[in-house]
Every structure is written in structure tokens, then in C-alpha cells.
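Since the structure comes first, as C-alpha cells, the remarks are kept for the end.
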Amino acid sequence: MKKGDHLFLVDGSGFIFRAFHALPALTRKSDGLPVGAVSGFCNMLWKLLTNARDTNVGVTPTHFAVIFDYSSKTFRKDLYDAYKANRSAPPEELVPQFGLIRQATRAFNLPCIETEGFEADDIIATYARAAEAIGADVTIISSDKDLMQLVTPNVHMYDSMKDKQIGIPDVIEKWGVPPEKMIDLQALVGDSVDNVPGIPGIGPKTAAQLLEEFGDLDTLLARADEIKQVKRRENIVANADMARLSRKLVELRTDVPLDLPLDALVLEKQDGPKLLGFLKAMEFGTLTRRVAEACDCDASAIEPAEVLVEWGTAAHGPDLDPGAEHPASEAPLAPAAAPAAKASAERAKAAELAARRLEAFAGKEIDRSRYLTIRDLDTLKTWIAAAKDTGLVGFDTETTAVDPMLADLVGVSLAIQDNSKGPDSTEIMAAYVPLAHQSGHGDLLGGGLVEGQIPMADALAALKDLLEDPSVLKVAQNLKYDYLVMKRHGVTMQSFDDTMLISYVLEAGAGNHGMDALSERWLGHTPIPYKDVAGSGKSQVTFDLVDIEKATAYAAEDADVTLRLWLVLKPRLAAEGLTRVYERLERPLVPVLAHMEERGITIDRQILSRLSGELAQKAAGFEDEIYQLAGERFNIGSPKQLGDILFGKMNLPGGSKTKTGQWSTSAQVLEDLAAQGAELPRKIVDWRQLTKLKSTYTDALPSYVHPQTKRIHTCYSLASTTTGRLSSSEPNLQNIPVRNAEGRKIRTAFISTPGHKLLSADYSQIELRVLAHVADIPQLRQAFADGVDIHAMTASEMFGVPVEGMPGEVRRRAKAINFGIIYGISAFGLANQLSIERSEAGDYIKKYFERFPGIRDYMESTKAFAREHGYVETIFGRRAHYPEIKSSNPSVRAFNERAAINAPIQGSAADVIRRAMVQIEPALAAAGLQERVRMLLQVHDELIFEVEEDAIDAAMPVIVKTMEHATMPAIAMRVPLKVDARAASNWDEAH
DNA sequence: CCCCAACCGTA
DNA sequence: GTACGGTTGGGGG
């Protein structure tokens with residue numbers, strides 16, 4: 001760069017926000033992607049690059065750069081902890097545009113500059129002063145007042161939206177002070193947006209007047225006692241230090257280390273095809289034509305570039321889905337979807353992309369020898385910068401335990417798509433960052449940290465910057481695990497995808513969604529088995545003891561494979577109309593569930609220990625009696641031995657065999673024997689109940705108490721059911737006894753912490769309500785609308801018995817039929833349930849269908865749909881696959897038909913509570929209750945919260961309303977949902 | 001050490 | 001008749 005050159009510096013980050021708020025129309029691409037800010041940005045760049053002389057800039061640039069904020073963490077945060085603390089998360093529509101604007105900058109062949117620890121403004125200041133020193137002129141494309149301090153005779157600003165130059169006179173006109181006093185002025189005034197304190201009661205007018213009078217801030221502060229207005233004088237004296245601090249915050253640094261020297265900013269020729277590819281992908285028709293004309297290219301011959309976009313992880317906002325295919329789910333409150341023709345064209349494009357990616361990656365060799373071990377902070381930062389550059393990174397953690405609440409971080413791996421040769425690149429680079437590998441566990445031999453690892457705190461700080469950056473999409477497999485591990489290490493991930501959940505949405509019920517299986521299925525690649533790295537069984541070691549070289553091959557491969565899977569699977573969501581299911585029902589649940597798991601629930605170990613003792617005693621009593629009656633000692637817990645005793649030795653009548661030819665000793669069989677007068681079977685049933693409670697609950701639960709939190713942290717699985725329900729394990733807190741008094745005692749051991757209560761809120765009859773909705777049954781809708789007893793109503797319809805004074809047995813049978821319907825009824829099953837003849841059960845079903853013909857229609861059409869498509873759908877579009885629905889084996893086929901009938905009902909109810917769970921924290925926050933109410937558990941139709949006692953009255957209606965209206969705005973149900981809630985000091989009383 | 005069958009707890 | 005997970009016993013390697 002030389003004297004007379006002209007440098008243009010675009011404040012990219014500033015532009016994004018300004019454009020977003022200034023451009024009124026919410027410009028969207030045909031798939032619904034918001035691109036208003038990107039469009040404004042591209043138009044501005046094009047104008048400045050081709051035609052700056054005709055605008056009020058008035059000069060043609062020789063050098064050009066676009067500057068972005070690297071992240072929110074800057075040196076100013078160290079100066080003042082509250083700096084920019086008022087900034088809330090960017091609006092949902094803006095999130096995908098951060099990445100797109102960086103991609104746009106590169107498409108324009110312009111340098112895209114950001115530096116860690118500094119804001120874009122500091123980088124701009126540094127370049128501006130450096131250029132000025134050489135004798136070049138500078139134009140800063142921004143209208144931000146924070147940059148006005150830089151204006152000199154050689155440095156101008158330019159407001160591209162108003163096409164207005166900002167020079168020294170303009171600054172004086174607007175603020176009443178020349179540019180060099182802007183710092184002092186801002187120090188006095190402060191900035192509520194950035195949380196710069198300033199001095200209370202002093203606005204721009206007063207500040208300008210004071211600076212006019214005293215000259216500068218230091219003089220003003222020194223002679224503050226001369227100020228005549230009492231209140232103003234007091235404020236200034238009292239807040240002098242705040243003003244000095246504020247000055248440090250607003251003064252821009254001009255000594256930022258520059259990655260690119262000034263000379264590197266020299267304006268390069270445009271790459272027409274590259275730019276056109278991007279513009280076409282963005283569907284910017286006018287600009288595409290202009291650019292094609294200018295570079296003499298045939299735009300129609302250029303393929304739209306593959307542009308990676310991320311919708312962000314905001315849990316609410318409008319239900320928008322570019323791929324939505326459910327007209328029935330178009331809510332009254334939801335914005336209109338794209339026209340059907342356009343939507344289907346978008347889906348076809350996504351399908352093409354998916355097919356192209358699959359072809360590119362299936363069977364492509366994965367070369368583990370290219371994996372890198374990152375051992376120093378600089379290299380890690382280079383990788384992080386590269387990830388920020390592409391906006392996409394595969395991520396995985398290695399830890400010391402499979403339980404995320406007990407896992408310590410051992411290392412992380414990153415995978416980045418090398419798109420230096422274009423966005424279609426299939427080259428993936430992956431690396432492992434060892435952080436806590438040990439040479440042995442601290443014993444007599446020493447052990448201790450292996451050399452050549454980045455200090456944990458340094459690495460975490462660098463990774464935090466990447467993982468919390470909303471503009472970079474992190475892709476993980478089984479993300480909830482990594483999310484929780486990182487959260488426990490002080491990092492709250494933002495902007496993420498989970499390949500396991502994508503696979504689950506695409507094909508729940510068809511195959512398994514583990515990484516190894518997905519890799520085999522889609523990439524034709526077998527990842528290194530964990531056993532080969534850490535051993536198995538007795539010789540298994542924790543990952544921190546694995547040799548770093550071996551760990552690198554294993555760990556980097558995980559991130560690599562995950563990123564490849566994402567590239568192959570993600571476009572299929574849009575192609576198959578499942579984007580909304582993924583974005584509304586799956587992904588947002590990851591942080592929600594992680595937080596629930598992290599909170600855990602308190603149990604009273606004394607209650608459990610006392611119960612264990614009681615159960616042991618009672619069981620021992622039964623054992624004596626059982627041996628007496630049997631005439632010998634045997635293992636009562638062995639169904640095989642028990643069968644031999646009952647049906648061999650004692651020769652009791654009416655035994656039945658299991659499918660393996662063993663005597664069945666099920667509770668049902670034993671009950672039948674007892675009903676015939678045998679004494680032993682009853683005792684076995686009772687003994688089993690006691691030992692079940694003891695072994696599964698009272699003995700087992702205390703072993704799950706976390707050593708630090710002293711609470712129990714279950715693990716929820718998002719992707720292990722066909723229907724969309726969650727599952728809970730280690731321990732399973734979704735099967736804690738409730739149906740009889742003995743079992744319910746266990747619930748009394750689940751307690752709230754002092755000053756709190758447990759609040760349980762459960763949906764009443766949600767599955768029957770869903771059935772009434774989907775099958776549109778008039779009597780059921782009416783009954784739910786009127787709030788009448790649904791089983792009594794069913795009985796009344798079927799048997800002509802008035803609800804008033806109905807015998808209990810009649811209602812019980814109707815209730816069994818209602819449940820049977822939900823389960824895809826069969827005469828065999830109903831007969832079993834009610835202990836009646838199969839023919840009688842068949843008559844009931846016939847009668848039921850006569851009274852409710854809509855249910856039969858629903859069942860038949862569901863089966864037909866399943867046969868045609870191989871899957872069924874919930875009301876929100878979630879799919880459950882039944883690949884064996886057409887099996888030639890009649891019992892397999894019948895089983896699949898029943899499951900297919902059940903899945904939309906069970907699955908829709910599961911979707912409803914998932915929505916409620918996503919909505920509940922924002923709803924509580926809106927009521928100011930987020931600190932006082934904590935959601936702990938989900939049991940399919942029930943949510944359990946821990947609530948401050950004083951907040952119960954406020955929280956209960958918020959929770960109930962959120963749950964009752966959880967389908968909105970996506971779906972307006974034809975029947976109301978009802979939620980019952982109660983609070984108490986233990987789960988038994990709250991339920 | 002691993003896996004399966006049987007049984008049983010929940011919604 | 002649907003959907004799960006945990007415990008136990010017992011067989012195979």
C-alpha cells in the first residue's frame with residue numbers, strides 16, 4: 001500500500017445487525033431461510049466494488065476488507081465484567097445469516113478478517129491508523145458511533161444505507177464534538193446496549209456542552225466542583241471512576257496484531273462463476289443478472305453453490321419448516337408455508353444433494369494416518385479459526401466414564417471440511433486434542449499427566465469460544481452426552497446438530513442409530529471398535545490411560561465419521577419433509593434433558609434402607625412357608641426350578657408352556673392356580689413382589705446417588721423408542737412403583753430439598769384424547785369437551801347402562817376396551833386382560849366398532865397407510881417405521897399392525913409432552929420463575945418439578961397452561977387437553 | 001464374560 | 001393388545 005491508495009473497511013458484524021433492523025421486509029429464500037441481511041450485504045458490496053465513484057463515497061477502492069467480531073469474549077470483558085452483558089441472543093432469523101455473510105465475503109473474493117479477543121472495531125481502528133500513517137485514505141463502511149472517534153481528514157465513514165459520507169463536520173453536527181472528543185463524550189454518556197456505565201443523568205447534549213466548557217474528560221473530572229447544577233455535580237463526582245472505566249471501554253485499540261498485512265488487502269479481481277454460484281444459491285435474481293452481465297458469464301450455466309446453513313437452536317418462535325408437508329398441521333398462528341410447488345421443488349433439490357453426498361461418501365476410504373494430534377494452543381486456535389471459517393465442525397469428547405455426570409474430560413476431537421477447493425469438497429480433516437492423558441493412575445509408580453498436552457484451562461477457554469459461538473454449527477453423535485460433559489466443564493454449547501437424532505427422525509423403527517451402525521450403513525466404513533483401544537472386561541482401562549497415538553486414531557475418527565454422516569443425512573431431513581420434527585421435537589430437547597439430568601432428584605436413603613430391611617424380613621418369612629409347602633428348599637427366583645416344583649413334583653393342573661417349552665410361572669398363571677385353591681402359588685406371587693421391590697428399587701436406587709451432588713441423575717434416551725417416547729435408565733425413573741400401597745412407599749423416598757416441594761403435573765387421558773382427535777369420534781369429543789368420565793361413557797354407549805349408578809365391573813370392562821383400542825385391540829388380548837372367553841371379547845369388540853365406527857375406520861386406514869409406506873405418522877409428522885408390516889408370517893404381521901395402530905397415538909402424546917418440555921422453561925422465565933422452578937423428571941405423561949415453596953402458587957398455572965396448550969401454534973386439537981397438578985414434599989403425595 | 005429368556009415395574 | 005428398562009437365572013464360550 002502506498003500514498004494515495006484507498007482502503008475500504010467494512011464493519012461486517014455491525015452491518016448484520018443494522019441490516020436486520022433496518023430492512024423492514026423479512027426476506028426469505030423459497031425454503032424459508034431468512035436472507036434479508038445477506039441480500040443487503042451482497043448488494044452493498046457489489047455497489048462498492050463496481051460503482052463506488054457514483055455514490056457519495058466518491059472514490060474507488062484499491063484495498064478492501066470485511067471485518068467481523070471473533071466472539072463476545074474480548075479484552076473489554078476483562079476490564080469490565082458486565083461489558084455487553086445486556087446483549088441477548090441474536091434473533092432467530094439472524095442466526096443463520098452470520099455464517100452466510102462470511103461465505104458471501106469469500107464469494108466476493110474479499111478478505112474476511114477477525115482476531116481473537118478483539119472486536120471488529122479494534123481491528124478496523126488498527127488498519128485505519130496504519131493506512132493513514134502510510135498516507136493512504138480510508139473509508140470505513142459503517143454508521144456506528146463507536147467508530148466515529150477514528151474520523152480524521154484522511155479517514156471517513158460511509159453509511160451505505162443512507163448513502164451518506166460521514167466526515168469531521170458530520171460528527172460535529174450529530175454529536176456536538178469533533179471526532180477526537182468522541183471517546184470522552186461516550187465515556188460520559190455510556191451505552192446501555194453495550195452496558196458501558198457512563199455517568200447517570202448525562203446524555204449526549206449535556207456531555208457535549210461539558211466538553212465544550214472544560215475541554216476534555218480529565219479536566220472535567222478534576223474541576224467537577226465548578227459545575228453549578230447540584231445534581232449533575234454530585235453525579236459526576238460520585239461516578240468519576242465509572243467515567244474513566246467507560247473511556248477505556250469505548251476507546252478503540254490501534255495495536256491489534258494483524259493476521260493480514262495492509263498489502264494483503266489489495267483488491268483482487270472478482271471470480272465471476274464463484275460469486276454467481278453463491279448468489280444463485282441465495283436466489284438473489286437481480287444481483288445474479290447484474291453480476292453475470294458485468295463479468296460476461298452465462299448465469300444459467302452455473303450451478304448454485306452448496307451453501308451450508310444453520311437455523312439455530314432457538315426453542316421457540318414461529319413454527320416454520322421449509323420442508324413441512326402437513327397441511328393439517330398448519331396452525332392458525334403459523335405463518336403461511338411456501339407454495340406447495342415451490343416446497344416440493346426445494347425438497348427435490350435437497351434429495352439431489354443427499355444423493356450426491358451419499359455417492360461421494362459411501363465407500364470413500366477414510367485415511368486415519370492423516371489424523372493430527374494437537375498438542376499446543378496455537379495449533380488448536382488455528383483449527384478453531386478454520387472451524388469458524390467454514391462454520392461447521394464435527395465434535396466429539398473423550399472422557400473417563402460412560403455416565404456423563406461422572407465423566408471427566410480426557411480430550412476432544414474436531415473434524416473440518418476442507419472447502420478450500422469449493423463447497424463440494426469431500427476432504428475432511430480431523431484431529432484429536434489430548435488434554436488429560438495419564439501415564440498411570442496415581443499410585444506408588446507415580447503416574448501423572450503425560451507430556452505434550454495443552455493445559456486443560458487454556459484448551460477449555462479456546463474451545464468455549466468455538467462451542468458457544470452461535471455462528472458455527474457443531475455436529476456430534478449423541479450430543480446430549482457431550483453437551484452435558486462440556487456443561488460440567490463450564491461450556492454451554494450453542495448451535496448444534498446430532499447425527500443420532502437426525503437418523504432417528506429419518507428412520508425410527510428401522511435399524512439402530514449408533515455411530516458404528518450408521519457408519520457401516522451409510523459410509524461403508526467400520527470405525528475402530530472401542531475395545532481395540534481401551535480393552536475390555538478385566539483389562540479395560542479408562543480413556544485417560546490410552547496411549548495418545550492410539551487415542552488419536554480412535555477419537556479423530558469419531559469426529560470425522562460424525563461429520564461425514566451429517567453431510568449425508570442432514571439434507572434428507574428437508575428432502576423427506578422432516579425438518580420440523582427434527583428442529584421442534586428433537587434438537588431443542590437436548591439441552592432441556594441435559595439440564596434435567598444434571599439437576600437430578602434427591603432421595604431419602606434412610607427411607608429406602610428401612611424399606612429394604614422390612615422387605616427382606618417379609619420375604620424371608622415367605623421363603624420359610626414356601627419351602628414348607630414345597631417340601632424342599634430350592635431357588636424360588638428360578639422359574640425353571642419353580643416350574644418343576646409346581647407342575648412336576650406337585651403336579652398342579654392347568655400349567656402352560658412358554659415359547660421355549662418351559663413351564664410358565666407368570667403371575668397370571670400363579671393367580672389362576674391360587675384361584676383353584678393351591679396355597680403355594682399365592683405365596684410365590686407375594687414373594688416375587690417383595691423381592692422385586694427390594695432388588696430393583698430399595699437396594700438399587702441408593703447405589704445411584706452421585707458422590708458430589710448426593711442426588712440421583714437418570715439418563716434419558718431420546719432415540720431408543722419407535723414411537724417417540726423417551727426412555728430412562730441408570731436408573732430407570734419411569735417405572736417407579738405406584739399401583740399398590742407396598743410399591744408406592746418407594747415413591748415417598750423421592751423428596752424435595754428444604755424450602756421446596758415436588759410438583760407433579762400429568763396429562764389426564766392424553767392418549768384417548770389423541771385418539772378422539774385423530775379419529776374424530778363425535779361421542780369421545782363431546783365427552784372430553786364436557787369433562788365426563790370417559791370409561792363410564794364408553795360403557796354406557798356399549799351396554800346401554802346409565803352412567804349414574806353404573807356397576808364397577810361394567811366400567812372396568814369398558815376401560816379395558818378403551819386401553820385395548822389404543823394398543824391395537826385383539827380378541828385374544830382383551831380376553832386375556834379381562835379373563836373372559838375369546839368369543840365374548842370378540843363380541844365386545846364388534847359392539848364397540850358398531851358404536852364407534854370411526855375407530856374402525858381409523859384403524860383400517862392406519863394399517864393401509866403403514867402397508868403402503870412402511871411407516872405411520874404422528875399428528876406432528878414424526879414417523880415410526882414398521883418394515884415387517886407385510887411379513888408373510890401372520891403373527892408377525894398382526895403384531896406390526898397393532899404396533900402401527902398404537903404408534904400414532906402413543907407417539908403423538910409423546911410429541912405433545914416433548915413440546916411442553918421445550919416450552920416450559922421459556923414460559924417460566926417469562927413469569928420470572930426460572931430461578932425458582934426446576935424441571936427434574938419426565939414419565940411419559942407426567943412432569944415432575946422441584947419448586948420453591950413460595951413459588952408454587954405462581955408456578956402451577958404456568959406449568960398447567962403450558963402443558964395444556966403445548967400443541968399450539970402448530971396444531972389446534974379437536975379436544976381439550978387436561979392437566980392435573982399437585983405439590984407435596986414427596987413424589988407419592990404429589991402424584 | 002456375554003447374551004438370552006423370563007418376569008415385572010411404569011405409562 | 002402398545003411402549004420401555006432392570007434383575008435374575010442359566011447356558012454357552
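- Close to B:dA6, at under 4.0 Å from its OP1 or OP2, lies no side-chain N or O of A:T665.
- Of the candidates C:dT8, C:dG10, C:dC4, the closest approach to any side-chain atom of A:S638 belongs to C:dG10.
- A:T691 comes within 4.0 angstrom of nothing in the nucleic acid, heavy atoms only.
- A sub-4.0 Å separation between OP1 or OP2 of C:dG5 and a side-chain N or O of A:S727 is present.
- Distances shown here put a side-chain N or O of A:T722 below 4.0 Å from the OP1 or OP2 atom of C:dC4.
- Between A:R739 and B:dG9 there is no side-chain N or O to OP1 or OP2 distance below 4.0 Å.
- Here C:dG5 presents its P atom at 9 Å from NE2 of A:H940, a figure rounded to the nearest Å.
- Pairing for C:dG13 is absent, with no Watson-Crick or G-U wobble pair whose two atom distances lie under 3.5 Å.
- One donor-acceptor pair, N or O on each side, does fall under 3.5 Å between the base of B:dG9 and the side chain of A:N735.
- Counting non-hydrogen atoms under 4.0 angstrom, A:I736 reaches the backbone sugars and phosphates but no base.
- Considering only the side chain of A:N732, C:dG6 comes nearest among B:dC8, C:dG6, B:dT10.
- Side-chain proximity of A:V939 to the nucleotides C:dG1, C:dA3, B:dA11 is greatest for B:dA11.
- Listed candidates were C:dG11, B:dC7, B:dA11. Nearest to the side chain of A:K640 is C:dG11.
- Checked against the 6.0 Å centroid criterion, the rings of A:Y844 and A:Y848 do not qualify as a close aromatic pair.
- What separates CG of A:L701 from C1' of C:dG5 is a distance of 13 Å, to the nearest Å.
- At the heavy-atom level, A:A667 lies under 4.0 Å from the strands shown only through sugar-phosphate atoms.
- Residue A:R898 has no polar side-chain atom (N or O) positioned under 4.0 Å from OP1 or OP2 of C:dA3.
- Using a 4.5 Å heavy-atom cutoff, the side chains of A:E989 and A:L758 are not in contact.
- Of the candidates B:dG9, C:dT7, B:dT10, B:dT10 carries the atom nearest the A:R747 side chain, counting heavy atoms from C-beta on.
- The base of B:dT10 has none of its N or O atoms less than 3.5 Å from a complementary donor or acceptor on the side chain of A:Q734.
- Annotation: A:W687 is not in aromatic contact with A:F622 [ring centroid separation under 6.0 Å not met].
- Of the two residues contacting DNA chain C, namely A:F828 and A:S729, the nearest-nucleotide position lying further toward the 5' end is that of A:F828.
- Residue A:A900 is classed as having no contact, given no heavy-atom separation below 4.0 Å to the nucleic acid.
- A sub-4.0 Å separation between OP1 or OP2 of C:dG5 and a side-chain N or O of A:S720 is present.
- Among the protein residues, A:R725 comes within range of the nucleic acid bases, having at least one heavy atom under 4.0 Å from a base atom.
- For A:T660, the listed nucleotide lying nearest its side chain is B:dA6; candidates were B:dA11, B:dC8, B:dA6.
- Spacing between atom CD of A:Q833 and atom C1' of C:dT2 amounts to 12 Å, rounded to whole angstrom units.
- Between A:T658 and B:dA6, a side-chain N or O to OP1/OP2 separation shorter than 4.0 Å is present.
- If you measure from atom NZ of A:K692 to atom P of C:dT8, you get 10 Å, rounded to the nearest angstrom.
- Taking a cutoff of 4.0 Å between a charged side-chain nitrogen and a carboxylate oxygen, A:E809 and A:R813 qualify as a salt bridge.
- A sub-4.0 Å separation between OP1 or OP2 of C:dG9 and a side-chain N or O of A:N635 is present.
- Using a 4.0 Å heavy-atom criterion, one finds that A:E942 contacts no nucleic acid atom at all.
- Contact check, A:S666 against B:dC8: no side-chain N or O comes under 4.0 Å of OP1 or OP2.
- The local environment of NZ in A:K657 is crowded, with over 12 non-hydrogen atoms from other residues, nucleotides or ligands closer than 6.0 Å.
- At the heavy-atom level, A:S826 lies under 4.0 Å from base atoms of the strands shown.
- No engagement by A:A894 is indicated, since no non-hydrogen atom pair under 4.0 Å with the nucleic acid exists.
- Rounded to whole angstrom, the span from the CD atom of A:Q662 across to the P atom of C:dT8 amounts to 19 Å.
- Note that CZ of A:R893 is 7.5 Å distant from OG of A:S888, once rounded to the nearest 0.5 Å.
- Atom-to-atom, CG of A:D911 to P of C:dA3 comes out at 16 Å; the value is rounded to the nearest Å.
- The residue A:G637 sits close only to the backbone: its heavy atoms come under 4.0 Å of sugar-phosphate atoms, none of a base.
- Taking the centre of each ring, A:Y504 and A:Y582 stay at or above the 6.0 Å mark.
- Summarising the geometry, the separation between CZ on A:F819 and P on B:dT10 is reported as 13 Å, rounded to the nearest angstrom.
- In this structure, A:R688 places its CZ atom 13 Å from C1' of C:dT7, rounding to the nearest Å.
- Taking 4.0 angstrom as the limit, A:Q641 places a side-chain polar atom (N or O) nearer than this to OP1 or OP2 of C:dG10.
- A:L937 is not listed as a side-chain neighbour of A:L943, based on a closest heavy-atom distance of 4.5 Å or more.
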